[in-house]
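Only one structure is covered here, and it is reproduced in the block below.
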Amino acid sequence: MSRQATVQRNTNETKINVSVNLDGTGQATLNSGMPFLDHMLDQIARHGLIDLDIHCDGDTHIDDHHSAEDVGITLGMAVAQAVGDKKGLTRYGHSYVPLDEALSRVVIDFSGRPGLELNCEFTRGRIGSFDVDLFGEFFQGFVNHALVTLHIDNLKGKNSHHQAETIFKAFGRALRMALSVDERMGDVIPSTKGSL
């Protein structure tokens, strides 16, 4: 069964095209208009073994806010579409990832209920030209449209680049675990309710 999806989302602020292959090899073609976010999206692809193709034409002449949020929304929509009915899905995923002095933990549940708990006190307000507040907008957009519960905790870190990179690497690895197919589940939906 193919677990791929392509979603186009156009507003007055952004025009976005996202393609995902959940059973990929970690290949990525990225042009969000935000170089540091592209670097982070590449971590999702490589560590999640998800093929990503993301293109965004946004109003970055004003601010990166709309583009960061809308890339998260569109990626969430594409992941939800590619996941399908969730039969046989592992459903839960978690990962701890260090990078030098930084350490982050990410836990995800393809619960059908959007929820985000993001705990990270970045040591700087910007990484390059990217405003670190926009990570929250990206992840909120993602959870609202992928319909997942997501807990992100940066446990240690002094370098904001390292803090962000551990978060995105851990997110990729947690996605990889949650999205894996559990052959013992067969075509059963992983919930006592019978639906997610």
Side-chain angles (χ1 to χ4, degrees), residues 1-7 18-30 32 36-54 71-99 102-120 135-136 138-155 157 162-191 196:
M1 182 177 76
S2 173
R3 299 198 301 166
Q4 300 179 45
T6 297
V7 173
V18 172
S19 294
V20 299
N21 177 0
L22 303 183
D23 300 308
T25 59
Q27 301 301 306
T29 303
L30 304 166
S32 70
F36 191 74
L37 185 60
D38 285 346
H39 181 43
M40 295 300 98
L41 294 168
D42 193 39
Q43 305 307 318
I44 297 172
R46 290 178 185 271
H47 293 276
L49 291 181
I50 297 168
D51 293 345
L52 288 179
D53 190 328
I54 298 176
V71 166
I73 288 170
T74 313
L75 179 59
M77 293 167 70
V79 168
Q81 188 175 316
V83 166
D85 62 13
K86 303 178 188 174
K87 288 181 180 176
L89 198 69
T90 297
R91 178 179 167 176
Y92 300 100
H94 63 272
S95 182
Y96 285 82
V97 170
L99 175 56
L103 174 66
S104 292
R105 174 185 61 218
V106 173
V107 183
I108 192 166
D109 174 13
F110 276 79
S111 60
R113 296 181 307 279
L116 175 65
E117 288 291 331
L118 172 58
N119 298 296
C120 180
F135 291 127
F138 168 83
F139 284 115
Q140 189 67 65
F142 178 83
V143 302
N144 285 349
H145 294 270
L147 301 177
V148 299
T149 302
L150 180 63
H151 287 252
I152 298 172
D153 295 285
N154 174 242
L155 303 174
H162 293 173
Q163 290 174 289
E165 195 161 329
T166 58
I167 286 170
F168 276 83
K169 285 178 174 176
F171 177 62
R173 295 191 68 84
L175 273 176
R176 180 177 167 185
M177 180 186 291
L179 291 170
S180 65
V181 175
D182 184 345
E183 293 185 8
R184 293 177 62 199
M185 288 291 294
D187 64 353
V188 174
I189 291 173
S191 171
L196 286 170

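- Across every non-hydrogen atom of Pro190 and Lys86, the tightest pair is CD-O, 3.2 Å.
- Of the possible polar contacts, one joining the Thr90 side chain to the Ser180 backbone as a donor-acceptor pair under 3.5 Å is found.
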Exercise for the section: Show your reasoning for whether side chain to side chain contact (heavy atoms under 4.5 Å, CB included) applies to Arg176 and His47. Expected result: CA-CA 8 Å; Arg176 180 177 167 185; His47 293 276; over 6 Å; no
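- In this structure, the side chains of Leu175 and Phe110 come closer than 4.5 Å at one or more pairs of heavy atoms.
- The side-chain heavy atoms of Ser95 and Val106, taken from C-beta on, include no pair separated by under 4.5 Å.
- Using a 4.5 Å heavy-atom threshold, the side chains of Val148 and Phe142 count as touching.
- Looking at heavy atoms from C-beta onward, Glu165 lies in side-chain contact with His39 at the 4.5 angstrom threshold.
- Lys87 and Asp187 are not joined by a salt bridge, as no carboxylate oxygen comes within less than 4.0 angstrom of a charged side-chain nitrogen.
- For the pair Ile50 and Leu179, the minimum side-chain heavy-atom distance is below 4.5 Å.
- When all heavy atoms of Ala78 and Ala5 are compared, the pair lying nearest together is O-CB, 3.4 Å.
- Although no hydrogens or angles enter the test, the distance criterion places a donor-acceptor pair under 3.5 Å between the side chain of Thr166 and the main chain of Gln163.
- The shortest distance between side-chain heavy atoms of Leu155 and Tyr96 falls below 4.5 Å.
- Residue Arg105 holds its CZ atom at 10.5 Å from CG of Asn154, rounded to the nearest 0.5 Å.
- Note that CE of Met177 and CD1 of Ile108 are 11.5 Å apart. Values are rounded to the nearest 0.5 Å.
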Practice task
Start with the C-alpha gap between Lys169 and Ser104, add the side-chain angles, then the distance that decides, and say whether side chain to side chain contact (heavy atoms under 4.5 Å, CB included) holds.
Solution key: CA-CA 9 Å; Lys169 285 178 174 176; Ser104 292; over 6 Å; no
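- Taken to the nearest 0.5 Å, the CD atom of Gln140 stands 9.5 Å off from the CD1 atom of Ile73.
- For the 3.5 Å distance criterion, the side chains of Ser32 and Asp38 qualify, holding a donor opposite an acceptor.
- Contact of the Val97 side chain with the Phe171 side chain is not registered, since no non-hydrogen atoms from C-beta on lie closer than 4.5 Å.
- A donor-acceptor pair is defined here as one N or O able to donate and one able to accept, closer than 3.5 Å; no such pair exists between the side chain of Asp182 and the backbone of Leu89.
- In this structure, the side chain of Asp51 does not engage the main chain of Ala45 through any donor-acceptor pair within 3.5 Å.
- Annotation: side chain of Leu52 is in contact with side chain of Leu75 (closest heavy-atom distance under 4.5 Å).
- Rounded to the nearest 0.5 Å, atoms CD1 (Ile152) and CG (Leu118) are 5.0 Å apart.
- A distance of 10.5 Å separates CG of Leu196 from CG of Leu147, quoted to the nearest 0.5 Å.
- Taken from CG in Leu116 to CZ in Phe139, the straight-line distance is 8.0 Å, to the nearest 0.5 Å.
- More than 12 heavy atoms of other residues, nucleotides or ligands shown are found within 6.0 angstrom of CZ on Arg3.
- With Thr149 contributing its side chain and Arg113 its backbone, the two residues share a donor-acceptor pair below 3.5 Å.
- A centroid separation of less than 6.0 Å is found between the aromatic rings of Phe168 and Phe138.
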